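Scroll down for the structure; my scribbles are underneath it.
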Amino acid sequence: MTALPFPFPVVTWDDQEIVLMDQTLLPEQLVWRRCGDINSLCLAICELAVRGAPAIGVAAGFGLALSWRLAMSHETDTQAMMVRFLADRQQLAETRPTAVNLFWALDRVGAVAEQLLADGSSADHIATALLIEAQAVLDEDVAMCRAMGMHGQELLPDFSTVLTHCNAGGLATGGYGTAVGVIFAAKESGKTISVFADETRPLLQGARLTAWELHNQGIEVTVLCDSAAATLLQQGKIDAVITGADRIAANGDAANKIGTYPLAVMAHRHDVPFYVAAPRSTFDGASSSGKDIAIELRDPVEVHEFHGGRATPDGVNAWNPAFDVTPNDLITAIITEEGVVRPPYSENLAKVWGGK
Ligand code: MRU
């Protein structure tokens with residue numbers, strides 16, 4: 001097992017390039033994927049080399065810092081730089097539709113460029129400010145995840161078993177994790193936690209990534225097929241289900257990796273608490289409910305193929321929604337950096353995140 005710094009260096013800035021831990025190759029290989037232009041960054045996001053809502057936001061923030069520097073090398077006038085910058089921003093916005101952290105980061109870092117341009121700042125000054133803002137998005141994400149972890153771990157008994165889905169860990173964020181961050185924080189608090197990780201078909205983020213990072217941090221983890229989760233819950237082996245989210249609507253409906261909604265239904269059936277852990281960058285107050293959330297449909301080939309080979313007969317169709325929406329009434333609590341939020345969510349989420 002490769003020893004890595006923790007929080008993981010999921011997205012970093014180095015020598016005018018964005019450096020990503022390539023999550024398509026883990027756990028077999030740890031490869032650093034360097035993106036020196038916007039096309040290569042967009043490709044890395046679409047291919048899930050960087051994935052997980054907060055990590056996508058962090059990558060997009062650095063993407064805008066990169067975009068401005070590239071524009072400076074092509075143009076002499078800041079207005080012309082801004083034209084290129086806005087085109088890059090649009091290209092980044094079109095990579096993945098569900099993770100609202102992407103749009104949140106583009107708006108936040110983009111607003112810095114717009115404000116400084118309006119103030120008549122120099123191109124160099126804007127370049128410096130954009131990089132500082134992108135780094136702040138990253139640093140604040142790690143801080144929010146740590147705070148979320150401390151609040152969330154209080155929900156877990158000293159010896160407990162947690163079921164999670166997909167990868168809402170360090171790899172999906174600035175390095176610490178949301179749902180898995182709660183588990184890291186519980187361990188840091190002296191609790192003994194063992195984890196069941198759904199494999200997460202079709203791209204196996206649970207089997208490959210969650211299992212890798214928990215094992216890397218010395219936490220016992222057992223991988224199961226997604227379809228085994230109901231039996232696990234029925235057998236009373238789980239104290240809590242904790243997942244992340246890609247977008248939380250104003251009423252608390254939460255979009256997350258496909259397969260999360262059935263977990264919430266089953267947790268309810270077996271009287272197990274179902275928690276969602278997410279920072280404010282995942283909140284979308286403009287979506288009144290989950291019905292407003294755009295769900296990414298990915299290439300059917302991801303379902304047709306398994307472990308590099310074709311699994312379905314030629315000529316059949318495959319349906320590949322990347323996310324589902326868990327209705328708020330199935331969510332026991334939402335773990336945020338401000339504390340644990342309970343129903344009614346419309347009222348209580350507005351109190352903690354309403355100002356954003
Ligand atoms: O398609 P992915 O791998 O980007 O999906 C990721 C998830 O669904 C995560 O659970 C979610 O982004 C929360 S990450 C802290």
Side-chain angles (χ1 to χ4, degrees), residues 7-8 10 23 48 50-59 96 98-102 104-105 141-142 144-149 151-153 155-156 162-186 195-200 203-214 221 226 229 240-249 252-264 267 273-284 290 293 295-296 322-326 328 330-337 340-341 349 353:
F8 300 124
V10 177
Q23 299 187 37
L48 313 192
V50 59
R51 34 96 11 233
I56 295 168
V58 170
R96 298 198 72 193
T98 306
V100 76
N101 312 59
L102 167 64
W104 174 87
D141 181 77
V142 175
M144 286 193 291
C145 286
R146 282 193 183 278
M148 219 184 299
H151 295 303
Q153 63 83 21
L155 299 166
L156 299 177
V162 171
L163 172 62
T164 191
H165 188 70
C166 191
N167 172 260
L171 293 168
T173 63
Y176 190 82
T178 57
V180 176
V182 171
I183 294 160
F184 289 144
V195 180
F196 279 86
D198 281 353
E199 63 173 353
T200 318
L203 296 176
L204 305 183
Q205 290 94 329
R208 296 186 300 108
L209 307 176
T210 301
W212 179 80
E213 65 176 85
L214 285 167
V221 56
D226 299 348
V241 180
I242 314 180
T243 73
D246 276 72
R247 189 184 291 234
I248 298 179
D253 291 352
N256 192 51
K257 177 55 58 190
I258 192 77
T260 302
Y261 167 50
L263 272 192
F274 180 90
Y275 301 119
V276 172
R280 66 177 55 231
S281 52
T282 304
F283 181 59
D284 177 15
I293 299 177
I295 299 295
E296 177 181 9
F323 302 97
D324 57 26
V325 175
T326 299
N328 58 24
L330 292 176
I331 301 173
T332 310
I334 298 178
I335 302 163
T336 78
E337 72 282 7
V340 174
V341 177
L349 286 177
W353 286 335

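Given the structure is predicted, the values throughout are model-derived calculations rather than measurements.
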So, does [X] use its side chain to make a donor-acceptor pair with the main chain of [Y] at under 3.5 Å?
X: Asp226; Y: Thr200; value: yes
X: Arg280; Y: Trp353; value: no
X: Asp253; Y: Gly290; value: yes
X: His151; Y: Glu337; value: yes
X: Lys257; Y: Ala322; value: yes

Quick check: closest heavy atoms across [X] and [Y], and the distance to 0.1 Å?
X: Ala245; Y: Ala53; value: O-CB, 3.9 Å
X: Ala277; Y: Ala179; value: CB-N, 3.7 Å
X: Ile331; Y: Ala254; value: CD1-CB, 3.9 Å
X: Val340; Y: Ala333; value: CG1-CB, 3.6 Å
X: Ala105; Y: Gly57; value: CB-O, 3.1 Å
X: Tyr275; Y: Ala240; value: CE1-CB, 3.9 Å

Is the shortest side-chain heavy-atom distance between [X] and [Y] below 4.5 Å?
X: Val180; Y: Thr210; value: yes
X: Leu163; Y: Leu263; value: yes
X: Ile334; Y: Thr336; value: yes
X: Asn101; Y: Ile56; value: no
X: Pro7; Y: Arg146; value: yes
X: Val100; Y: Ser281; value: no
X: Val10; Y: Val58; value: no
X: Phe323; Y: Arg96; value: yes

Hey, could you give me the [atom1]/[atom2] distance between [X] and [Y], rounded to the nearest 0.5 Å?
X: Ile258; Y: Leu203; atom1: CD1; atom2: CG; answer: 12.0 Å
X: Asn256; Y: Thr243; atom1: CG; atom2: OG1; answer: 4.5 Å
X: Asp246; Y: Asp284; atom1: CG; atom2: CG; answer: 12.0 Å
X: Asp324; Y: Thr98; atom1: CG; atom2: OG1; answer: 10.5 Å
X: Asp141; Y: Thr173; atom1: CG; atom2: OG1; answer: 5.0 Å
X: Tyr261; Y: Leu330; atom1: OH; atom2: CG; answer: 6.5 Å

**Item:** Partner of Ile242 under side-chain contact (heavy atoms from CB on, under 4.5 Å), chosen from Val195, Thr178, Leu155, Val162
**Value:** Val162
**Message:** Suppose we screen for side-chain hydrogen bond (donor to acceptor under 3.5 Å, both in side chains). Which residues come up paired with Gln23, at least two apart in sequence or across chains?
**Reply:**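 Gln23 satisfies side-chain hydrogen bond (donor to acceptor under 3.5 Å, both in side chains) with Arg51 once adjacent residues are dropped.
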**Prompt:** Who passes salt bridge (Lys or Arg N to Asp or Glu O under 4.0 Å) against Glu213, sequence neighbours left out?
**Reply:** none
**Prompt:** In terms of the angle between their ring planes, are Phe8 and Trp212 parallel, tilted or perpendicular, with boundaries placed at 30° and 60°?
**Reply:** tilted
**Request:** Inspect the surroundings of CZ in Phe274 and state if more than 12 heavy atoms from other residues, nucleotides or ligands are less than 6.0 Å away.
**Result:** yes
